[in-house]
Amino acid sequence: MSGPAGTGPFAIGRTCALAVAGGRDLTRVAARYDGLFPEKSFDAGLYGSLAMAGAFGSPWSTPEELRVINRASLLLFAVDRLIDEEADSQDQVTAVVAACLGGERVASPLAAFTADLRAELGASPALEAAWQDQLERLLIAMSREWEWSRAEHGPGPDEYLANADSCGALFVAVSHWIRTGVAASPADLHRLRPAGEAVQRYLRLLNDVATRQRESGSGDVNVFTLGWEPDAVNDRMAGLAQEAAELIDPIRAAHPRAAEYLTWQIHYSAGFYGLSDFWAAS
């Protein structure tokens, strides 16, 4: 591990402690929202792995600072399950989107969880609006993938990658950067976006590679169900990793922690998905 937090045993031990604290927090939080996080899908391993990704991606943070990144990741997984596994109609997909964007906390457990996450940001009106915009991008992209999974013809490669907001990596990053002050204004988010989007496109394909077998049985859209060959996917991922590195370098001076976080996400995720998945095996 590189970066401001150091590489010695003490630093690694502290980061592991952050992950433990984060996993316990997610377990407690999930219990507050009736039915939103069923145990069959949301086991201890998922809570722990989300918290581990947050802790090792920003090991300089405090447990309080990591609450938002962990809970944003949990919201992403809740929405993913509701759209991919539960929604049987466009109306049901639309209801999920409305619950997240409507702002009515009492409307449903999903609406309550989203509203509580928004409040946890502690953001200015301008940054809260930017966060809301990124949340909407995520929801629109997920809805589009739901439609593609039921369409006669799927998207082409470029159209598919342009919809990479569906994997939620940038939504989680934006949530984290706002909460920790890395992004002090919408202008900061604008400067960070190109690098964040490049990393997100890479992670979209990495996730598809890692979950290929599971998604081939569930009917989810990914690069392989769309007919891509493994060599073509690997070549595209290599190009995206290079593109991301070139976009990250210019932001290091002004935003060193954002640059470190994005770099870490590429390499950490590749290592993680080489052996495991966030979702429990069914």
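Fair warning: this is a prediction, and the values are worked out from it, not measured in the lab.
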Honestly curious: do Leu18 and Val20 fall in one hydrophobic cluster under the side-chain, below-4.5 Å linking rule? no
State, yes or no, whether a side-chain contact exists between Arg118 and Glu128 at a heavy-atom distance under 4.5 Å. yes
Between Val182 and Ala258, which heavy-atom pair has the shortest distance, and what is it? CG1-CB, 3.8 Å
Looking at Glu39, I'd like to know if its CD atom is crowded, meaning that more than 12 non-hydrogen atoms belonging to other residues, nucleotides or ligands lie closer than 6.0 Å. no
Under the salt bridge (Lys or Arg N to Asp or Glu O under 4.0 Å) definition, can you give me all pairs with a residue in residues 49-75, not counting sequence neighbours? Asp25-Arg71, Arg67-Glu120, Arg71-Glu120
Write out all pairs satisfying salt bridge (Lys or Arg N to Asp or Glu O under 4.0 Å) with one or both partners inside residues 165-192, taking only residues at least two apart or from two chains. Asp188-Arg191
Are Val221 and Tyr160 close enough that some pair of their side-chain heavy atoms sits under 4.5 Å apart? yes
Tell me every residue that passes side chain to side chain contact (heavy atoms under 4.5 Å, CB included) with Ser124, counting only those two or more places apart in sequence or in another chain. Ala126, Leu127
Considering non-hydrogen atoms only, spot the tightest contact between Thr114 and Cys100 and give its length. CG2-O, 3.3 Å
If you round to the nearest 0.5 Å, how far is CG of Leu262 from CZ of Arg257? 14.5 Å
Any donor-acceptor N or O pair under 3.5 Å, side chains Arg144, Ser166: no
Under the salt bridge (charged side-chain N to carboxylate O under 4.0 Å, His left out) test, residues paired with Arg193 that sit two or more places apart: Glu197
Under a 4.0 Å threshold between the charged nitrogen and the carboxylate oxygen, would Asp208 count as salt-bridged to Arg212? no
Summary of ring-ring contact (aromatic ring centres under 6.0 Å, His included) pairs that have at least one residue in residues 229-260, sequence neighbours excluded: none
Give every donor-acceptor pair under 3.5 Å between a side-chain atom in residues 45-58 and any protein atom, sequence neighbours left out.
from	atom 1	to	atom 2	distance (Å)
Ser49	OG	Gly45	O	2.9
Ser49	OG	Leu46	O	3.0
Ser58	OG	His176	NE2	2.8

Determine whether Ile266 and Met237 fall in the same hydrophobic cluster, where Ile, Leu, Val, Met, Phe, Trp and Tyr are linked whenever their side-chain heavy atoms lie under 4.5 Å apart. yes
Test side chain to side chain contact (heavy atoms under 4.5 Å, CB included) applied to Leu226 and Val223, step by step: CA-CA 5 Å; Leu226 294 174; Val223 289; 5.5 Å; no
Interatomic distance, CG@Leu101 vs CD1@Ile140, rounded to 0.5 Å, equals 8.0 Å
Keeping to residues at least two apart or across chains, list the ring-ring contact (aromatic ring centres under 6.0 Å, His included) pairs with something in residues 115-144. Trp131-Phe171
Spell out, yes or no, whether Leu139 and Leu121 are grouped together once hydrophobic residues are joined by side-chain heavy atoms under 4.5 Å, including indirect joins. yes
Mind checking side chain to side chain contact (heavy atoms under 4.5 Å, CB included) for Ala241 and listing every partner two or more places apart, or none if nothing turns up? Tyr202
Separation between CZ (Phe37) and CZ (Arg32), nearest 0.5 Å, reads 11.0 Å
What's the shortest heavy-atom distance between Thr15 and Pro59, and which atoms? OG1-CB, 3.4 Å
Cationic N near anionic O, under 4.0 Å, Lys40 to Glu85: no
Side chain proximity check, Arg81 to Phe77, heavy atoms < 4.5 angstrom: no
According to salt bridge (charged side-chain N to carboxylate O under 4.0 Å, His left out), who are the partners of Glu229, at least two apart in sequence or on a separate chain? none
Between Glu159 and Trp148, is there a side-chain heavy-atom distance shorter than 4.5 Å? yes
Could I get the full list of ring pair (Phe, Tyr, Trp, His ring centres under 6.0 Å) partners for Tyr33, not counting sequence neighbours? Phe113
Glu136 versus Gln132, side-chain donor and acceptor atoms under 3.5 Å: no
Trp228 and Phe224 aromatic centres sub-6.0 Å: no
Got Val199 and Tyr261 here, is their nearest side-chain heavy-atom distance under 4.5 Å? no
Test item: Val174 and Ile178 side chains (from C-beta on) under 4.5 Å apart, heavy atoms: yes
So do Met142 and Leu76 actually touch side chain to side chain, heavy atoms under 4.5 Å? yes
Please find the pair of heavy atoms, one from Ser143 and one from Val97, that lie closest to each other, and give the distance. OG-CG2, 3.5 Å
Output, in order, the C-alpha distance, side-chain angles, deciding distance and verdict of salt bridge (Lys or Arg N to Asp or Glu O under 4.0 Å) for Arg150 and Glu145. CA-CA 9 Å; Arg150 288 153 177 81; Glu145 280 200 1; over 6 Å; no
Please report the interatomic distance SG(Cys167) to CG(Asn222), rounded to the nearest 0.5 Å. 13.0 Å
Salt bridge (charged side-chain N to carboxylate O under 4.0 Å, His left out) partners for Arg236, two or more places apart: Asp158
Rounded at 0.5 Å granularity, tell me how far CG in Leu205 sits from CG in Asp235. 11.5 Å
Those residues at least two apart in sequence (or on a different chain) that pass salt bridge (charged side-chain N to carboxylate O under 4.0 Å, His left out) with Arg252 are Asp249
Common cluster, Leu189/Leu247, ILVMFWY with side-chain heavy-atom separation under 4.5 Å: no
With the side chain counted from C-beta on, respond yes when Leu138 and Val79 share a heavy-atom pair under 4.5 Å apart, and no when they do not. no
Keeping the roles fixed (side chain from Asn70, backbone from Leu66), state whether a donor-acceptor pair exists under 3.5 Å. yes
Can you measure from CG (Asn163) to CZ (Arg137) and round to the nearest 0.5 angstrom? 12.0 Å
